[in-house]
Each structure stands twice: as C-alpha cells, then as structure tokens.
Amino acid sequence: MTLKLMPMNDGVPASDLLNGLNPAQAEAVSTTEGPVLIIAGAGSGKTRVLTFRVAYLLRMGVNPAHVLALTFTNRAAQEMKERISHLVGGNTARTMWAGTFHSIFARILRQYADRIGYTPSFTIYDTDDQGAAIKAVMNQLGVSQQVLPPNGVRGRISTAKNSMISWQEYVRGADSIAEKQTGQIFEEYEKRLAQSNAMDFDDLLLNTIKLLEHHPDVLEILQDRFRYLLVDEYQDTNRAQYRAVTMLAQKYRNLCVVGDDAQSIYRWRGADIRNILDFERDYPETKVVRLEQNYRSTKTILAAADSVIKRNTKQLKKQLFTENVEGEKITLLACRDDREEADMVAKTIRSRVEKYGYSYKDVAILYRTNAQSQALEDALRRSNTPYHILSGVSFYKRKEVKDTLAYLRLLVNPNDTESILRVINEPARGIGNTTLERVQEYAVRNNSTVFDVLSNIEVVPNIQTRTVKSVKDFIGIITRYQEMMPELAPASLAQAYIEATGLPHMYKVQQSEEALDRWNNIERLLDHIVEQQDLDESLTLINYLEQIALLSDADDPKLGTERIAMMTMHAAKGLEFPLVVIAGLEQGLFPLAKAEADMQEQEEERRLLYVGITRAREQLVLSYAERRYRFGELVFSRPSMFLGEIDKDCLAPSARSMTGSTPSAKPQHAGASPTKQSSYSQVAQSETYSQLPMPKRYTSVSQPKARGVQGPAPEGPTTSTVGQRVKHPMFGAGTVTAVSGTGQSEKATVMFDSGQKKQLMIAFARLETL
DNA sequence: ACTTAGTAAATTCTC
DNA sequence: TTTACTAAGT
C-alpha cells in the first residue's frame, strides 16, 4: 500500500488532522504503514491518537471495513467509533470493526463455526458455568472437591489455556497426583464443553487461533479484511492474543500497538509483558513512538506517580512531563478504622465538592478489593451522597437473571448442558439430583448430549413415571418455542417463552419483597431485550446473549451520571476523574499480603497504584485505617509501604509532618524479630503502632452514647444481660430475652415492644441501653 | 424430592 | 458479614 495524500470525499485533507497534535502524536497518527509501537504514558492523549489515527486512515481513502481495532472494553470501542464518526463525519466508521478481543473473535467464530466443529449458535460460558462444568466433571470422575478445590482447578486450566497448552500437553507434563488429576479433569472438561457446543472465554481466543492455523483460506480472507490493525492496552495482552494478532497482521504488517508497561496490571491472568518488550524484535522494521507529555494531571500528581513507579526495576525508559499547573497537594487521611475512613472520605468529598465546585460525577473512589466498597457505601448512604458501584454484584449476576438467561440460551443452543442443569428444576418440577445424575451418566456413557437423553427419557432406566412426565413437559416448552423462533421477533419470543417456563410466576406468587424484586428483575431483563431490539432491527437472540456474556464491569452504562463512581483500581483503567480518592493504603491490603514477599507481585501492585494515582486530573486523596473489619473480625494494620515512597513534596503539610514517621523513614522490620504473623496481626501493631501518626480525632456519625450494649468495641468483651432494656434505631425499644456467643459473634435476642423478635449481632446492631 | 438449618469458607483483580 | 454447600428432617 502506498500513501496517497488525496483528500477524501468530504474535501478535508488528511493532514489537517495533525494540526492540534504534538510532534510525537502526529508521528503516531501519520505513520500508517508498517508496524508501529506506541509507548504511551498515562494521560498522554492515547485515545486521541488512536481515534485520530483511524480518522487519518479513512481520510487517506482506506476502506473502514479494512480496519480492526482491538480495545480493552466494549465501552472503549464504542467511544472510539463515536469519536471517529465525529471526526470524519456521517456513517463512515460504521463498517469498521472495533471491540474487545473476545467479542471480535466471537463474531469471527460464529461465522466460521462449522470449520472447527461448532454450530454458529454456540454458547459462551462464563466463570460460573465453567465452575459448574468442572464440578460436574469432578463428580463424574469421583475426584473429591475437598482434596482438589474446583476453583483451583479452574484457575490452572485457564492459565494453561492462556498459555496455549492443550489438555494433551498438560497431561504429558503432569508430575504430581494433583496435576495428573487436573489433567484428567481438563480432558473431560474440554469434551463436556464440546459436547455442549459451548466455549469458555479462553476458547474464544484458542479456537480463533485454531481456525487461523488450520484453515489457510480463512486466514487469508481475514488478513485481507483486516489490513490495518490497532491494539490498545497492549501491555495486558496474553500470549494467545499475541499469537492471533500476529497471524492476522502477517500479510500486510500494518500493526499498530499502544501500551504502557508501567500500567501492566493483569499478569495474574496471563498478560505477558514480553508481548510489548519483544515487539521490536518480532518486527524489526518497527517505528517506535513515545508519547511522554501528560495532558491529564497536575505536576504534583504526576510527580507522585513517578516517585512511586521509579522504584520498580523493570520498565521501559520514558520520562513523563506535563505543562499543566502545579496543582493542589495530595491529602492523606489517617483513620482509626474502616468506618471512620469511610466517613472521612465521604466528608472530604462533600467539602471539596462544595469548595471547588466539583459535581459528583467528577469524583471516583478507588480501592484494591471489592470487599472494601461495603463500608464506603454505608458512609455515603448515611450522608446522602449519590454514588454508584461498578462491579460487585451486578444485575447480570443475580440468580433470577442468570436463570432467565440460561433459559434463553437453551432456546438458541439446547445442547448447553450447564444451562439445562441450572434451570431444569427452577421452578421446582420434581426433577431432582438423582434423576440428573442418571441422565448425565447415561449421556456420557452413550456419547450423547444431556438434551438428547432428556428428549428420549424413556430409554434411561430407573426413572419414575412422574419424573418422566416432568421432563417431557420441560423439553416440550423448549422445543415448542424453538419452532416459533423463525416467526417471532426475539423480544416477543423471549417474553412469551420465559412466561411459559413458569419462572416469573413462581416469584410472583411468593409475594415476599425479595421475590417481587426478583420478578421485577426478570421483567427488566425482558424489557432490555425489547430496547436493544428497537435499537438494532437485526438483533438476534444469539447476538444479545453474546453481548451480555462479554460485558465487563467497565462497560457499566451508569458511568457519567451525577454520582460518585466507586470501583476497583483494575476497573478504573482507562478512565480519568478530576478528584480521585484511593482508600485502604495499608500493608497487607495494598499491597496485598500475598505480594509482600514476592518482588514480582510487589511490582505489579506498585503499577496498580501508579494506575490509580494517574486517574486523577486535579486532586488526589489517599487514606488508610489502623484497624479494619475483615471476615467480620477486627484486624490491625500498618500504613502501606507505598505511602512512604511518594515524594514528600507532593503531600499536603499536615500529611507531611505525619509521614515523617511512616515506614519509609524507619525501616519497616527494623528490630522486629521475624515472625510468621501477617501484617494484620496484633503483633504487628505493637511493633509499629507507636510510630504511626495519631489520626485527628474524628467525630464519628451516630456514636452510641450508652455503655453496656454498643457498637464495635475491640477492647474487652461486650456484655449484655437478659432483661436489659435496649433501643434499636429501626425497631425501637425492646427487652433482651437471650444472649448467645462471645466476643465479636455475641448475639442478643431482643423482643421489641412492637412485637417483633430479632436476633442481633451485638457488635453490629447499633443498640443503645435504656 | 424438597426444605431448612447449620456450618464452613471466603475476600484480589477479569474477558 | 454474606454466601455456598451439606446434612438431616419432612
């Protein structure tokens, strides 16, 4: 391909696009031919470069259908398309392919499914389905779940797949008994999925590779279709993704990858930093472009981020700088416990919103683990601050929603065994475990699918007549609506079919608040299908289900509404906010306990903090708590070692004097004899507690005044006596009728004056003595 | 076969 | 604290 500086039909020359860009950006945009490696520091206008690059290509006359952009989230892909449409106008970008590896590959695989032994209606299994399949296989093989935890097996199988190790290779390399067993499970698992016409997430990559390797004609078609490839977040791709991209790019070699090794945070799920480090070796003619000017953050924030990341030994050379203002210093909140931390975070945000005129959508609270969201959430709710959480228990993870989706999946692919087992007795139809065991056993023995066996249930011995009828009814519903599929639009079909399954009815008659909630969720899901169908006339049930299966937390459409965003730092990748709070900077939590001893893990945690800090545009607040509830138990902790790594000049004065005695000033383990105790242990407290800045006393919300029975009290046992009169914020006054348990798990049974009897955890229920 | 109560385990991150 | 699995009761 040769460059033609010809204006496109809209009459604007391509070079106009370069006007607002700095030299490095312009180079990254205009080097359209051949391999390009863009090392893009945080906030260096990476997204802008990517979109301009595509727009530039299109202006140069490249057919948008020849462009493939692989992004990290669907949201990023969508945004990219919109921006490009904006730049080049009209529908030009519509035929361009943009999406995550998984969604793009799923699309390709549907097209060529028959080449690799699937039908185009294959099902995509999520982690839960995987777990269910693995447990079923272990059951079938008689492997105890006590001896070999299914979760661990799932992890090992997934790791193997991400490294492109087949079950045959895995078995060959297995030494220990556990590995041999895992290998056996691996084999049966693969067979079970194939039988179910289903793929797990890893298969979407592996099967694409298989398709390209074994079918040269398909490879060539795809190479010719995707003449220009872009890969975003390249540092977080794994070997399988690398392999697939390499094959696709082989013919035209127009491969542009964008990444930042400092932001590589997915090593644990197979991301291989070699992909970025070896790029130049694999493509000797590579043009390397470094984007080093940061347009996002203040000098202070950038300096803080830099002071942290430079502690890592392995990283590509680059020096980020910014022409932005110095900005506010970073605030450090030192708190007594997680509840106080949450209250202080909430209070700080509210005051900043007031003082600086931020709106809530400008604010994000980031944390290391999802579990931390609970306390923060409570505090925000108490102070009436609007927020929303990305991830956690999302809508699509709810039982009733998953059940509904499973029913829908069966309509498209009745061989989907995991879905059958999930819903066959939901609502209860009198088809129990014994029956299902027999059916599965029969299916395995006769190399048949569970659905086929159920369809001919008479042939299975030892099934009760009543059960046979139930099974027939169940199969009847599916086949009946399957036949209607060609005639009905997906939304109305789904509506009628789900109604016929009796699932909504079951919840509706239960009348409890929870059941009605569930019923409501099913309705919402069905409404959503209607919506999506209205948006896209050509929507099929297959497309819809795929879209849901490949949804990620970062795709949450609620982002950008007038609320504080709460999420893990992983989920925050690619986002930015004027005000960012990072909570829970404690040893053992961030970095996680597991990473404290392992340098590699520690460096990954440090990169994660780097990602967190660089999400902030104007202001950054960090916090830690001296003690925190974990598993309902109070544990002590020291401030994170990372706090000591942040350049002192970046911290606000009050914080600076406080950090004068943080771990960096004194070696953490100085004097402390090596113990096996985790950093959360009480021992750690006595060693380092006194070195810590004492947090300013914070008047906590609703501190119970009473002594006897009251909230979390770490010191001494909480005691309450039978006959004690107490008051509860919700239930009102009452009398303690019984006490059970000790310490943190001490429970009191209270007969309230309203007539209600409740058993309450004394440590958590905010009871007041009267 | 289904319900319920009781206990064990979990909390790292995800397409 | 919440969730998930197991065991015993109906």
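Lettering of chains follows the sequences in order, A, B, ..., and the numbering in each one begins at 1.
- Of the side-chain N and O atoms in Asn425(A), one or more sit less than 4.0 angstrom from OP1 or OP2 of dC2(B).
- Straight-line distance from the CZ atom of Arg267(A) to the P atom of dC15(B): 19 Å, rounded to whole Å.
- Nucleotides of DNA chain B nearest to Thr369(A) and Phe101(A) differ in position, and the one nearer the 5' end is that of Thr369(A).
- Here the C1' atom of nucleotide dT11(B) and the OH atom of Tyr629(A) are 17 Å apart, to the nearest Å.
- The residue among Asn433(A) and Ser103(A) whose nearest nucleotide of DNA chain B is located toward the 5' end is Asn433(A).
- Residue contacts for Ile431(A): at a heavy-atom cut-off of 4.0 Å it reaches the sugar-phosphate backbone alone, with no base atom in range.
- A salt bridge links Arg382(A) with Asp343(A): the closest approach of a Lys/Arg side-chain nitrogen to an acidic carboxylate oxygen falls below 4.0 angstrom.
- Ranking dA1(B), dC15(B), dC2(B) by closeness to the Ala428(A) side chain, first place goes to dC2(B).
- For Thr435(A), taking side-chain heavy atoms from C-beta onward, the closest of the listed nucleotides dT14(B), dC15(B), dA1(B) is dA1(B).
- Using C1' as the reference atom, dT11(B) and dT6(C) are 22 Å apart when rounded to the nearest Å.
- The pair Arg628(A)-Asp337(A) does not count as a salt bridge, with every side-chain nitrogen at least 4.0 angstrom from each carboxylate oxygen.
- Taking every heavy atom of residues 141-150 of chain A and every atom of DNA chain B, no pair lies under 4.0 Å.
- Atoms CZ (Phe631(A)) and P (dT12(B)) sit 7 Å apart, rounded to a whole Å.
- Among the nucleotides dC15(B), dT11(B), dC13(B), the one closest to any side-chain atom of Thr100(A) is dC15(B).
- Classification of Glu626(A) and Arg638(A) as a salt-bridged pair fails, no side-chain N sitting under 4.0 Å from a carboxylate O.
- For Arg110(A) and Phe122(A), the positive end sits near the middle of the six-membered ring, less than 6.0 Å away and at most 45° from its axis.
- The pair Glu418(A)-Arg409(A) does not count as a salt bridge, with every side-chain nitrogen at least 4.0 angstrom from each carboxylate oxygen.
- Between the CG atom of Asn238(A) and the P atom of dT14(B) there is a distance of 16 Å, given to the nearest Å.
- A sub-4.0 Å separation between OP1 or OP2 of dT14(B) and a side-chain N or O of Thr127(A) is absent.
- No side-chain heavy atom of Leu229(A) sits less than 4.5 Å from a side-chain heavy atom of Trp97(A).
- One interatomic measurement links the two molecules: CG of Asn370(A) to C1' of dT1(C), which rounds to 15 Å at whole-angstrom precision.
- Atom name C1', nucleotides dT12(B) and dC5(C): the rounded distance is 23 Å, in whole Å.
- Applying the side-chain hydrogen bond (donor to acceptor under 3.5 Å, both in side chains) test to pairs two or more places apart or on separate chains, those with a residue in residues 149-162 of chain A are Asn151(A)-Arg154(A), Ser158(A)-Asp202(A), Lys161(A)-Glu190(A), Lys161(A)-Asp200(A), Lys161(A)-Asp203(A), Asn162(A)-Asn238(A).
- Within the nucleic acid shown, Lys399(A) has no heavy atom closer than 4.0 Å to any nucleic acid atom.
- At the heavy-atom level, Asp202(A) lies nowhere under 4.0 Å from the strands shown.
- The side chain of Phe201(A) approaches dC15(B) more closely than any other nucleotide in the set dC15(B), dC5(C), dT11(B).
- Contact annotation: Thr568(A) reaches the phosphate of dT14(B) (side-chain N/O to OP1 or OP2, under 4.0 Å).
- Atom CZ of Arg75(A) and atom C1' of dT14(B) are 17 Å apart (whole Å).
- The side chain of Ala371(A) has dT11(B) as its nearest neighbour among dT14(B), dT11(B), dC5(C).
- The distance from atom CD of Gln372(A) to atom P of dA10(B) is 19 Å, rounded to the nearest whole Å.
- Between dA1(B) and Thr434(A), a contact under 4.0 Å exists linking OP1 or OP2 to a side-chain N or O.
- If you measure from atom CG of Leu609(A) to atom P of dT12(B), you get 19 Å, rounded to the nearest angstrom.
- Using a 30° and 60° split on the angle between ring planes, Phe72(A) and Tyr266(A) fall in the tilted class, from 30° to 60°.
- In this structure, of dA1(B), dA10(B), dT14(B), it is dT14(B) that holds the atom nearest to the side chain of Arg269(A).
- Residue ring and nucleobase are stacked for Trp268(A) and dC13(B), with a centre distance beneath 5.5 angstrom and an angle between planes beneath 30°.
- Side-chain nitrogen and oxygen atoms of Lys594(A) include none within less than 4.0 Å of the OP1 or OP2 phosphate oxygen of dT11(B).
- The aromatic rings of Phe105(A) and Phe101(A) sit perpendicular to each other, their planes meeting at more than 60°, with 30° as the lower class boundary.
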